[in-house]
Amino acid sequence: MSSSTVSSGNPWVPRLASPPAPRKSYLRAPKKLSSGSWPVGRRIACACSAPPRNWGDGRSAFESHTSPLSKGWEAGTEFKEEPKVLIECRNVHKSFGDKQILKGVSFKIRHGEAVGIIGPSGTGKSTILKVMAGLLSPDKGEVLICGRQRHGLVSDGEISGLRIGLVFQSAALFDSLSVRENVGFLLYENSKMSADQISQLVTRNLEAVGLKGVEDRMPSELSGGMKKRVALARSIIFDDTKEVIEPEVLLYDEPTAGLDPIASTVVEDLIRSVHSMGQDALGQTGKIASYVVVTHQHSTIRRAVDRLLFLYDGRIVWEGKTDEFNTSMNPTVRQFASGSLDGPIKY
Ligand SMILES: Nc1ncnc2c1ncn2[C@@H]1O[C@H](COP(=O)(O)OP(=O)(O)OP(=O)(O)O)[C@@H](O)[C@H]1O
């Protein structure tokens with residue numbers, strides 16, 4: 001992603017080109033970002049009250065395939081109240097130069113959902129995550145945060161009420177900062193919490209992702225799987241001394257890429273455990289309201305998500321429950337699931 005696409009007015013917003021030098025003496029200035037990316041996208045706000053609407057032609061193709069949640073809403077049996085729509089993309093278009101990547105993408109992420117976005121390489125999965133996070137603005141179409149349209153990038157206007165975190169494909173830790181400093185970075189920079197309070201919170205969040213006693217290690221002393229867990233701990237940390245804590249949606253870009261099968265399972269289970277439907281390693285209910293995972297890994301699809309959006313040729317071409325994926329008769333899905341060279345997907 002081009003660093004120029006991200007502005008830096010809001011302290012919660014990733015500043016990819018030149019991340020902020022830590023101002024406090026206990027933080028050594030990061031020499032460079034290990035991946036060239038700033039870790040976590042942030043803080044969007046809203047009243048979280050707008051009911052979802054039917055949007056005629058803009059309606060997602062997925063709405064005809066129903067997840068357990070949507071079935072409940074439609075039949076009125078499983079849920080009395082429809083879960084709030086936290087993020088909605090309506091007819092989103094995005095081009096890079098003359099390359100049209102997103103050609104009218106529409107979907108909703110509701111409170112409590114665990115959604116996967118899958119599709120062939122280069123089809124725009126990371127791009128749509130960045131659009132949702134407010135790091136890229138759509139050329140056409142709308143992104144609604146809790147029913148309110150976001151204009152431009154997340155930093156351009158403050159909409160309060162929902163935090164959105166983006167966990168990049170690489171862990172994107174600061175090489176020159178310790179694990180404690182990495183995990184607590186945003187709080188050291190942007191909260192009124194004392195260093196001791198932050199340190200305790202860091203320890204708690206590391207324990208929640210199953211990591212104990214690594215606070216003083218440097219990223220270079222961690223395995224790839226541990227780095228991803230540290231990144232996860234960083235993405236779920238927030239100032240819990242505040243009176244009002246907004247719900248958070250986490251967006252994971254290929255969280256298990258490059259991990260061995262067992263390390264993948266650990267990360268997949270962690271993603272579940274920090275969700276509001278799960279329990280973390282400390283036995284506490286997870287704090288993440290909803291999450292979206294971009295992945296190519298079958299195990300991640302099976303273990304970490306309930307509903308899938310299939311992105312191909314700039315559009316959502318299929319939506320369904322995870323267990324419907326392997327039995328779908330949709331030719332694009334069948335080809336993708338089987339890895340066949342024959343079918344509508346051309347390489
Ligand atoms: N900032 C950018 N400038 C120019 N082109 C870009 C930019 N970001 C993405 N692209 C292009 O947009 C296309 C979609 O990229 P994206 O990373 O969203 O795909 P993806 O589906 O996540 O791919 P993969 O599964 O391989 O990670 C690619 O052709 C990529 O080169």
Side-chain angles (χ1 to χ4, degrees), residues 1-8 13-19 33 35-39 41 61-62 87 89 91-107 109 115-141 143 152-155 164-172 224 228 231 250-259 264 267-268 291-301 304-305 308-319 325 332-333 335-339 341 343-347:
M1 175 185 149
S2 152
S3 55
S4 64
T5 55
V6 177
S7 58
S8 58
V13 171
R15 281 147 287 194
L16 304 188
S18 49
L33 289 171
S35 70
S37 298
W38 175 243
F62 300 141
I87 303 179
C89 289
N91 196 28
V92 166
H93 289 65
K94 184 74 193 173
S95 298
F96 295 110
D98 56 5
K99 214 155 122 192
Q100 212 183 346
I101 305 299
L102 304 177
K103 303 174 184 171
V105 173
S106 296
F107 60 86
I109 305 299
V115 177
I117 299 180
I118 55 173
S121 284
T123 205
K125 301 180 295 297
S126 299
T127 301
I128 194 69
L129 280 195
K130 287 169 190 162
V131 169
M132 290 165 78
L135 300 179
L136 288 174
S137 52
D139 300 333
K140 187 179 151 193
V143 178
L153 300 175
V154 66
S155 54
I164 300 182
L166 176 55
V167 183
F168 285 88
Q169 193 172 134
S170 62
K228 292 207 187 234
L250 264 192
L251 312 174
Y252 299 95
D253 197 354
E254 301 202 32
T256 51
L259 296 184
S264 292
V267 170
E268 287 148 8
Y291 62 84
V292 180
V293 182
V294 162
T295 185
H296 288 296
Q297 303 258 91
H298 277 271
S299 67
T300 308
I301 293 169
V305 302
L308 285 171
L309 310 177
F310 192 104
L311 186 63
Y312 175 58
D313 195 24
R315 293 184 184 85
I316 303 290
V317 295
W318 181 86
E319 180 210 16
F325 179 65
T332 310
V333 173
Q335 183 191 356
F336 192 75
S338 66
L341 294 178
I345 302 172
K346 302 292 174 217
Y347 271 80

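Order of appearance sets the numbers: ligands from 1, and atoms from 1 within every ligand. Residues: numbered from 1 along the sequence shown.
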So is His296 touching ligand 1 or not, going by heavy atoms under 4.0 Å? yes
Can you check whether Ala304's main-chain N or O pairs, donor with acceptor, with Tyr291's side chain at less than 3.5 Å? yes
### Task
Could you tell me whether Gly119 and ligand 1 have an N or O pair separated by under 3.5 Å?
no
Candidates Gly124, Ala257, Ser121, Pro120; heavy atom nearest atom 19 (O) of ligand 1 found on Gly124
Requested in this report: Would you check, one step at a time, whether the test side chain to side chain contact (heavy atoms under 4.5 Å, CB included) holds for Phe107 with Ile128?
Outcome: CA-CA 11 Å; Phe107 60 86; Ile128 194 69; 3.8 Å; yes
(message) Which label fits Phe325 and Phe336: parallel for a plane angle under 30°, tilted from 30 to 60°, or perpendicular past 60°?
(response) perpendicular
* Asked: Can you tell me if Thr300 and Thr256 form a side-chain donor-acceptor pair at under 3.5 Å?
  -> yes
Hey, does the side chain of Asp253 reach the backbone of Ser126 with a donor-acceptor pair shorter than 3.5 angstrom?
no
Quick note on ligand 1: atoms under 4.0 Å from a heavy atom of Lys125 include exactly 18 (O), 19 (O), 20 (P), 21 (O), 22 (O), 23 (O), 24 (P), 25 (O)
Numbered in order shown, the ligand 1 atoms found under 4.0 Å of a heavy atom of Glu254 are 25 (O), 27 (O)
Query raised in the report: So, is Ile101 polar-close to ligand 1, with some N/O to N/O distance under 3.5 Å?
Result: no
So for Thr127 against ligand 1, with non-hydrogen atoms under 4.0 Å, the contacting part is both
